Amino acid sequence: IPANKCVRVAVGVQGEGTDLEIRLYDAVTGEELDRSHGQTAASVRACTGAQPRSVRLDAHATAGKLDAIVGERFVPSASPP
């Protein structure tokens, strides 16, 4: 994630599996930044400050097999009050 930006990652699924769980981690420290779950879609979000951050996305079906499409969108971080 570039400095002073936020990323939202959205995942949509279909298939014979059930439910979707996604998690976003800091790729360096392994810290979990956000998690979400849903029947056919879920999204996670993370932001940076002055330094960029590498992240890792983990997505899986809770049972069975699902086909997925993944999208990401970067937007400016909110300014501190």
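Treat the numbers as computed from the prediction; the structure is a model and nothing was measured. Atoms considered below: every heavy atom in the structure, side chains included; atoms not considered: hydrogens, waters and symmetry mates.
- In this structure, the side chain of Thr48 engages the main chain of Lys5 through a donor-acceptor pair within 3.5 Å.
- Counting heavy atoms from C-beta outward, Pro2 and Pro52 have side chains that stay 4.5 Å or more apart.
- Looking at residues two or more places apart in sequence or on another chain, you find a salt bridge (charged side-chain N to carboxylate O under 4.0 Å, His left out) between Arg23 and Glu21, Glu32.
- In this structure, Phe74 belongs to a hydrophobic cluster whose other members, linked by side-chain heavy atoms under 4.5 Å apart, are Ile1, Val7, Val9, Val11, Val13, Leu20, Ile22, Leu24, Leu33, Val44, Val55, Leu57, Leu66, Val70.
- Pairs engaging residues 58-75 under the side-chain hydrogen bond (donor to acceptor under 3.5 Å, both in side chains) rule: none recorded [sequence neighbours left out].
- Asp19 is linked by a salt bridge (charged side-chain N to carboxylate O under 4.0 Å, His left out) to nothing, counting only residues two or more places apart in sequence or in another chain.
- Screening residues 37-55 for salt bridge (charged side-chain N to carboxylate O under 4.0 Å, His left out) gives Asp26-Arg53 as the qualifying pairs, with residues at least two apart or on separate chains.
- The side chain to side chain donor-acceptor pair (under 3.5 Å) search around Arg8 returns Ser43, not counting sequence neighbours.
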